[in-house]
Amino acid sequence: MYKEKYLIKMANLWYNYHKMIYRFTYNTGGIMTIKYVNNLGKVTIDDSIITNIAVASVMKSYGVVGLASISAKDGIYKLLKINNMQKGVNVVRLDNGTINISISLFLKYGVRIPVVAQNIIENVKYNVEKSLKVSVSNVDIYVQGIIK
């Protein structure tokens, strides 16, 4: 009897989880968030989470030295340190609910740039869509330099 009630409860939870209502809203700070609402509560996901998933996917890819960001002082791209890597990724939410991700990075000397870029695009798109159930329409890679 107890086992049957447990299984019914788990089946209801699974059903409710897959019947979530997806709402895309702005919060007061101007930063876009993703909100998942169901009868159990609300989950809010900030764009910085999307950025962190993209950074982790990029840094796992072969041939990547690091992410790049433009210097405000002289307009030259510089290699970012570990604590500032989110500055190398830009997330833009479109009106149709999908997102565009732009990534600026440095690659190792001697790697095939198109192959590495395609690998990064596939990894970032797969990881963001799998983790957050958000459709990624475009991943743009900007190679800012080659480092030996």
Side-chain angles (χ1 to χ4, degrees), residues 9-148:
K9 186 175 183 179
M10 292 305 294
N12 285 335
L13 286 174
W14 183 86
Y15 176 78
N16 289 332
Y17 173 77
H18 290 332
K19 290 293 182 181
M20 285 184 179
I21 301 168
Y22 299 103
R23 296 182 186 164
F24 299 97
T25 60
Y26 295 94
N27 68 6
T28 56
I31 299 172
M32 296 180 125
T33 58
I34 301 168
K35 291 187 180 181
Y36 300 108
V37 180
N38 67 9
N39 63 347
L40 299 175
K42 175 173 54 171
V43 177
T44 303
I45 300 172
D46 190 43
D47 275 352
S48 64
I49 301 301
I50 299 171
T51 302
N52 288 339
I53 292 170
V55 167
S57 300
V58 169
M59 293 311 294
K60 287 180 185 176
S61 299
Y62 174 77
V64 175
V65 175
L67 293 167
S69 179
I70 193 163
S71 172
K73 234 184 342 182
D74 50 11
I76 298 175
Y77 280 88
K78 295 185 179 180
L79 188 62
L80 294 171
K81 297 186 186 210
I82 291 176
N83 56 352
N84 289 334
M85 285 197 175
Q86 290 79 11
K87 292 181 181 178
V89 177
N90 184 22
V91 177
V92 177
R93 191 167 315 279
L94 303 176
D95 292 336
N96 61 0
T98 62
I99 58 174
N100 284 345
I101 302 173
S102 300
I103 302 169
S104 297
L105 49 80
F106 286 98
L107 295 179
K108 287 182 186 175
Y109 176 78
V111 298
R112 293 182 170 199
I113 295 172
V115 174
V116 172
Q118 185 62 37
N119 186 25
I120 293 168
I121 290 168
E122 291 170 1
N123 287 340
V124 168
K125 186 171 182 175
Y126 173 77
N127 288 328
V128 170
E129 287 179 345
K130 183 184 92 171
S131 300
L132 302 176
K133 306 284 189 240
V134 175
S135 179
V136 177
S137 63
N138 221 7
V139 178
D140 299 321
I141 304 293
Y142 300 101
V143 179
Q144 302 301 338
I146 305 292
I147 298 176
K148 281 191 176 184

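The figures that follow rest on heavy atoms only: side chains count, while hydrogens, waters and symmetry mates do not.
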Return the [atom1] to [atom2] distance between [X] and [Y], rounded to the nearest 0.5 Å.
X	Y	atom1	atom2	answer
I147	L105	CD1	CG	10.0 Å
N96	S135	CG	OG	7.5 Å
E129	T98	CD	OG1	10.0 Å
S104	L67	OG	CG	8.0 Å
Q144	L79	CD	CG	11.5 Å
N119	R112	CG	CZ	13.5 Å

Does the side chain of [X] reach to within under 4.5 Å of the side chain of [Y], using non-hydrogen atoms?
X	Y	value
N123	S61	yes
I141	V58	no
I101	N90	no
I120	S57	no
K78	S69	no
R93	I50	yes

**OP:** Among V139, N138, V116, find the one that has a side-chain contact (heavy atoms from CB on, under 4.5 Å) with I121.
**Re:** V139
Testing the basics here: between [X] and [Y], what is the closest heavy-atom pair and its distance to 0.1 Å?
X	Y	result
S102	Y142	CB-CE1, 3.9 Å
K42	V37	CG-CG2, 4.1 Å
Y77	A68	CD2-CB, 4.0 Å

